[in-house]
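Could you have a look at this structure, given as structure tokens, before my questions?
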Amino acid sequence: MDFLDGLLKKYSGSDRVDKEYVSFITIKEESLLSLFYELKFQLDYTHLVLITAVDHLEHEKFQLTYIVHNYKTAHDIAIRVFIDRNKPEMVSIHELWKQAKTYQRELKEMFGIEFPGSPGLDDPFILEGWDGIPPYRRDFDTKKYSEETYFPRPGRTTNDPAEYMKDQLYKNDLLNEDK
């Protein structure tokens with residue numbers, strides 16, 4: 001995959017990691033669209049496999065990862081792009097791959113990432129009626145949400161998972177020092 005070094009140079013990429021059937025490259029966000037045009041129309045990466053995100057709260061960045069596939073070479077390229085978490089917006093690629101609008105809609109709802117011009121971006125996807133912080137952001141407090149949303153049910157008890165496993169699952173275990 002020698003052409004990847006050329007792509008990194010051409011699109012201001014910063015790193016490359018190769019695995020057996022997939023290569024990861026990191027590029028600047030302003031290079032994404034032109035890179036995808038080249039990958040799809042010149043290098044035969046015609047299938048969009050996935051778009052996903054990671055919240056790097058401590059760096060105030062989202063990492064978007066796009067995976068595209070070349071059927072002729074049976075090779076994938078994962079393109080990583082970092083965007084500002086405080087103004088999460090990325091160019092839409094729905095005109096290149098129609099299925100991108102579904103991934104972009106999910107990322108909007110679950111992370112709050114905008115993809116201007118993407119069809120149906122604001123239509124409810126999974127969280128109908130949701131008006132709080134997007135739940136896949138790392139600063140979303142799941143415990144607080146659960147306590148505020150769900151009532152305590154009679155008869156339920158809370159167990160320390162480590163103690164429960166020790167007492168209930170490993171009673172006869174030689175390493176169980178309490179028995």
Side-chain angles (χ1 to χ4, degrees), residues 7 11-17 19 21-41 43 45-71 75-153 156 158 161:
L7 289 177
Y11 294 104
S12 303
S14 61
D15 83 283
R16 171 183 170 180
V17 176
K19 304 286 183 180
Y21 297 107
V22 64
S23 297
F24 292 84
I25 63 173
T26 303
I27 64 165
K28 293 183 178 180
E29 63 182 282
E30 59 270 10
S31 300
L32 185 75
L33 205 50
S34 56
L35 172 63
F36 275 142
Y37 272 97
E38 185 168 343
L39 286 172
K40 184 173 183 178
F41 297 114
L43 299 170
Y45 284 84
T46 56
H47 177 73
L48 175 67
V49 177
L50 174 72
I51 307 172
T52 190
V54 176
D55 184 358
H56 293 277
L57 178 64
E58 60 280 359
H59 299 292
E60 296 185 2
K61 298 278 183 196
F62 282 121
Q63 173 190 316
L64 295 176
T65 302
Y66 299 78
I67 302 175
V68 292
H69 180 75
N70 182 320
Y71 287 104
H75 185 261
D76 291 340
I77 297 179
I79 296 98
R80 295 180 293 208
V81 177
F82 290 89
I83 62 172
D84 185 353
R85 190 178 187 279
N86 297 311
K87 189 178 186 300
E89 186 175 293
M90 189 61 195
V91 64
S92 176
I93 61 166
H94 73 277
E95 291 183 8
L96 287 169
W97 291 284
K98 297 294 180 203
Q99 72 269 32
K101 66 182 183 179
T102 302
Y103 293 119
Q104 292 171 166
R105 193 169 147 206
E106 179 186 22
L107 294 175
K108 165 72 186 301
E109 191 168 284
M110 304 307 272
F111 288 93
I113 300 169
E114 295 285 343
F115 297 89
S118 186
L121 190 65
D122 293 318
D123 295 344
F125 187 65
I126 300 169
L127 306 173
E128 293 182 23
W130 186 271
D131 63 356
I133 182 174
Y136 281 6
R137 285 180 173 240
R138 286 185 41 214
D139 49 348
F140 176 76
D141 188 339
T142 54
K143 185 174 188 293
K144 179 181 176 200
Y145 175 79
S146 295
E147 289 170 348
E148 291 174 351
T149 306
Y150 304 107
F151 59 92
R153 291 184 278 180
R156 284 196 71 130
T158 301

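Numbers for residues simply follow the sequence, beginning at 1.
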Check the surroundings of atom NZ in Lys108: do more than 12 heavy atoms from other residues, nucleotides or ligands lie under 6.0 Å from it?
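Enclosed: over 12 neighbouring heavy atoms sit under 6.0 Å from NZ of Lys108.
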Over all atoms of both residues, closest heavy-atom pair of His69 and Val49:
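Shortest heavy-atom contact: CB-CG2, 3.7 Å.
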Distance-only donor-acceptor check, side chains Gln104 and Thr102, under 3.5 Å:
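Not at all, the side chains of Gln104 and Thr102 share no donor-acceptor pair under 3.5 Å.
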Can you find a heavy atom in the side chain of Ile83 that is under 4.5 Å from one in the side chain of Leu64?
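Yes; the side chains approach each other to less than 4.5 Å.
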Does one side chain, of Tyr45 or Glu38, offer a donor that lies under 3.5 Å from an acceptor on the other?
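No, because no side-chain N or O of Tyr45 sits under 3.5 Å from a partner of the opposite role on Glu38.
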Validation row: Ile79, Val68 side chains within 4.5 angstrom (heavy atoms)
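Side chain of Ile79 against side chain of Val68, heavy atoms only: contact under 4.5 Å found.
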Do Phe62 and Ile113 have side chains that get closer than 4.5 Å, going by heavy atoms?
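Result yes, sub-4.5 Å side-chain heavy-atom pair found.
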Close side-chain approach of Thr142 and Phe140, heavy atoms under 4.5 Å:
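When only atoms from C-beta onward are counted, Phe140 and Thr142 do touch, with a gap below 4.5 Å.
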Do Tyr71 and Thr46 have side chains that get closer than 4.5 Å, going by heavy atoms?
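Yes, at least one pair of side-chain atoms sits under 4.5 Å.
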Side-chain contact test, heavy atoms from C-beta onward, threshold under 4.5 Å: evaluate it for Trp97 versus Ile51 and give yes or no.
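Heavy-atom side-chain distance check fails, nothing below 4.5 Å.
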Kindly give the heavy-atom pair with the smallest separation between Pro88 and Arg137, and that separation in Å.
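Reported closest heavy-atom pair: CG-NH2, 3.5 Å.
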Test side chain to side chain contact (heavy atoms under 4.5 Å, CB included) on Glu89 and Asp84 and set out the steps.
CA-CA 8 Å; Glu89 186 175 293; Asp84 185 353; over 6 Å; no
Would you please classify the geometry between the His59 ring and the His56 ring as parallel, tilted or perpendicular, with 30° and 60° separating the classes?
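It falls in the tilted class, 30° to 60°.
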I need the minimum non-hydrogen distance between Gln99 and Leu48, along with the two atoms involved.
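So the two residues come closest at NE2-O, 3.0 Å.
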If we count only N and O atoms by modelled type, under 3.5 Å, do the side chains of Asn70 and His75 hold a donor and an acceptor together?
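There is no such pair between these side chains.
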Which residue, Phe24, Phe36, Tyr103, forms the ring pair (Phe, Tyr, Trp, His ring centres under 6.0 Å) with Tyr66?
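In the set Phe24, Phe36, Tyr103, the residue that makes a ring pair (Phe, Tyr, Trp, His ring centres under 6.0 Å) with Tyr66 is Phe36.
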Test item: Thr149 side-chain N/O and Tyr145 main-chain N/O as donor-acceptor pair under 3.5 Å:
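Indeed, once roles are kept as given, a pair shorter than 3.5 Å links the two residues.
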Main-chain N/O of Pro134 paired to Glu109 side chain as donor or acceptor, under 3.5 Å:
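No; zero donor-acceptor contacts below 3.5 Å.
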Just by distance, do the side chain of Trp130 and the backbone of Pro124 share a donor-acceptor pair under 3.5 Å?
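Not confirmed, Trp130 side chain does not pair with Pro124 backbone.
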Salt bridge (Lys or Arg N to Asp or Glu O under 4.0 Å) contacts in which one or both residues fall within residues 46-67, not counting sequence neighbours:
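Counting only pairs at least two positions apart or across chains, the salt bridge (Lys or Arg N to Asp or Glu O under 4.0 Å) contacts touching residues 46-67 are Asp55-Arg85, Glu58-Arg138.
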Side chain to side chain contact (heavy atoms under 4.5 Å, CB included) assessment of Asp123 paired with Arg105:
CA-CA 8 Å; Asp123 295 344; Arg105 193 169 147 206; 4.0 Å; yes
Any side-chain heavy-atom pair from Val17 and Ile25 closer than 4.5 angstrom?
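Result no, sub-4.5 Å side-chain heavy-atom pair not found.
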For the student: nearest non-hydrogen atoms of Val91 and Phe115, plus distance:
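Residues Val91 and Phe115, closest heavy atoms: O-CD2, 3.9 Å.
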Grab the two heavy atoms, one from Tyr11 and one from Ile27, that are nearest each other, plus how far apart they are.
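Residues Tyr11 and Ile27, closest heavy atoms: O-CB, 4.0 Å.
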For Tyr136, check side chain to side chain contact (heavy atoms under 4.5 Å, CB included) against everything at least two apart and list the hits.
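Per chain and number, Tyr136 pairs via side chain to side chain contact (heavy atoms under 4.5 Å, CB included) with Met110, Phe111.
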To the nearest 0.5 Å, how far apart are CD1 in Ile67 and OG in Ser23?
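Between Ile67 CD1 and Ser23 OG, I get 11.5 Å after rounding to 0.5 Å.
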Side chains of Met90 and Leu32: closer than 4.5 Å at any heavy-atom pair?
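The answer is yes; the side chains approach within 4.5 Å.
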Provide the closest heavy-atom pair for Ala100 versus Ile93 in the form atom of the first, atom of the second, distance.
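So the minimum-distance heavy-atom pair works out to CB-CG1, 3.6 Å.
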